[in-house]
2 protein chains.
Amino acid sequence: MTTVRTSTGAVSGRGRRAGRSAGDDRELAILATAERLLEQRAFAEISIDDLARGAGISRPTFYFYFPAKDAVLLTLLDRVTEEADSAAGDVLVHLAEDPRARWRELIGRFHATFGGHRAVVLACAEVRGTNAEVRRLWATVLERWVQAVEAAVEAERRRGAAPPGLPARDLAIALNSMNERVWYATFAGDGPAVAERDVVDVLLDVWLTAIYRTTTPT
Amino acid sequence: MTTVRTSTGAVSGRGRRAGRSAGDDRELAILATAERLLEQRAFAEISIDDLARGAGISRPTFYFYFPAKDAVLLTLLDRVTEEADSAAGDVLVHLAEDPRARWRELIGRFHATFGGHRAVVLACAEVRGTNAEVRRLWATVLERWVQAVEAAVEAERRRGAAPPGLPARDLAIALNSMNERVWYATFAGDGPAVAERDVVDVLLDVWLTAIYRTTTPT
DNA sequence: GAGTGGAGTCGACACCCTGTCGAGCGCGTG
DNA sequence: CACGCGCTCGACAGGGTGTCGACTCCACTC
């Protein structure tokens with residue numbers, strides 16, 4: 001077997017092929033179908049047959065591209081978290097310039113990214129309970145964000161902007177957890193939820209008070 | 001929301017019978033089997049046949065007692081939330097006596113209740129994504145707690161113990177959401193989580209700073 | 001320009017789980 | 001003692017999943 005590499009961008013190892021061309025369209029078609037269908041109904045209501053037909057192939061052929069339905073979602077999740085990561089960029093490095101503005105930027109960008117793919121985000125939340133792989137992927141992503149926030153909090157304490165308090169890691173976990181759940185409720189629209197246009201400010205306020213004991217840190 | 005109770009144990013209207021005697025054992029046996037099995041494997045891994053056999057009946061007979069597998073979980077969830085409600089009692093009414101202690105009591109009691117039924121709680125989280133009824137039940141329960149906290153925050157602001165800030169309802173939603181997600185991670189043990197023995201104090205700290213801007217309110 | 005091999009495709013099958021239907025059992029009451 | 005009701009289950013239909021083997025198409029070799 002000749003060594004081949006993906007022409008454009010190495011679409012991750014989730015899809016089963018390492019290959020180059022023709023069938024890539026199909027793989028992409030499956031992904032696109034999934035994201036489109038997810039905007040209409042829940043992940044559980046979508047059968048592999050739906051995905052296959054949507055991509056113009058038969059059900060058995062689907063298995064040529066993905067080992068299971070969940071793998072499609074996993075790939076979609078990969079993309080979203082990557083987008084969130086790059087959207088977040090390195091705002092936390094410049095915290096000292098204007099803490100409130102920077103934190104708001106961070107939360108706002110995550111909000112925008114998740115909001116732009118709410119169907120995928122909601123589907124992942126739906127499946128996380130059942131699927132260990134989604135759970136693991138989300139756990140590693142979250143761990144990265146938690147560590148970033150933890151480091152930022154410690155830096156703020158070192159420069160005297162934030163008072164000592166809870167272990168930074170625990171604080172980071174609690175705040176990230178809050179965001180996740182609050183966004184979920186806001187996007188899903190079920191149960192008590194914060195209005196979408198207020199959600200960033202509400203979250204920001206809790207973050208600032210928890211970290212600085214004030215909403216106007218310097 | 002009509003609360004239905006029966007002679008002995010207030011089993012709610014979830015099980016299909018309103019009745020009194022013999023088959024009650026079976027209904028209870030199904031419930032007990034479910035809670036036991038849930039401690040070993042995920043809800044999705046438990047088939048109706050497992051539940052039926054565990055209760056000493058056949059699969060079709062299961063349907064005589066519950067309309068579906070999810071209904072069993074719903075009943076279990078009912079019990080847990082009722083237990084949590086009564087454990088919480090009216091602590092929030094006596095907030096002014098010692099705010100920090102009362103809030104801690106509230107969070108601690110919820111923690112104890114959920115921790116005592118973590119299998120059920122985890123299973124509900126697992127199923128919430130898929131099952132609309134679980135979602136609705138959880139939403140109404142949460143709404144009740146949110147309103148209680150909202151009222152308490154407003155009372156604390158009126159008596160001058162807490163400064164003005166976020167709309168009390170939004171704050172209550174954010175804090176309750178945080179608790180839910182943090183507990184889930186702690187009990188499930190996957191992903192970044194706060195250690196079980198610290199979790200109450202961590203949550204308390206964020207609640208106090210968000211509400212009072214200090215961890216030692218008066 | 002026949003031969004080879006791998007990418008890509010699908011019909012058909014076995015399997016598992018769900019939900020339902022209809023026939024049956026035992027027992028208390030009129 | 002027969003009638004009804006609480007309770008029980010065998011058997012079936014239906015829908016989804018995953019797999020296997022055969023088939024096509026094409027690029028590339030000799």
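Convention: sequence-line order gives letters A, B, ...; per-chain numbering from 1. Values below: all heavy atoms of this structure, side chains included; hydrogens, waters and symmetry mates excluded.
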Within this structure, what is the [atom1]-to-[atom2] distance between [X] and [N], rounded to whole angstrom?
X	N	atom1	atom2	value
Tyr65(B)	dG19(C)	OH	P	18 Å
Ile46(B)	dT18(C)	CD1	P	11 Å
Phe62(B)	dC7(D)	CZ	P	16 Å
Asp49(A)	dG16(D)	CG	C1'	9 Å
Leu51(B)	dG19(C)	CG	C1'	15 Å
Phe64(B)	dG24(C)	CZ	C1'	15 Å
Ile30(A)	dG8(C)	CD1	C1'	12 Å
Glu45(A)	dT17(D)	CD	C1'	16 Å

**Report entry** Side-chain donor/acceptor of Arg59(B) to base of dG19(C), under 3.5 Å
**Finding:**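 Checked by distance alone, the answer is yes.
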Query raised in the report: Any idea how Phe114(A) and Trp183(A) line up, ring-wise: parallel (<30°), tilted (30 to 60°), or perpendicular (>60°)?
Result: perpendicular
Query raised in the report: When the ring planes of Trp207(A) and Trp103(A) are compared, do they come out parallel, tilted or perpendicular, using 30° and 60° as the limits?
Result: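 Tilted.
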Whether [X] contacts [N] is assessed here as follows: a side-chain N or O lying under 4.0 Å from the phosphate OP1 or OP2. Is that the case?
X	N	value
Ser58(A)	dC10(C)	yes
Tyr63(A)	dT17(D)	no
Ser47(A)	dG16(D)	no

Requested in this report: Decide whether Ser47(A) and Asp50(A) meet the rule of one side-chain donor and one side-chain acceptor closer than 3.5 Å.
Outcome: yes
Query raised in the report: With a 6.0 Å cut-off on ring centres, are His111(A) and Phe187(A) close enough?
Result: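 Yes.
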Query - Side chain of Pro60(A) (C-beta onward), nearest among dA12(C), dA11(D), dG18(D) - result: dA12(C)
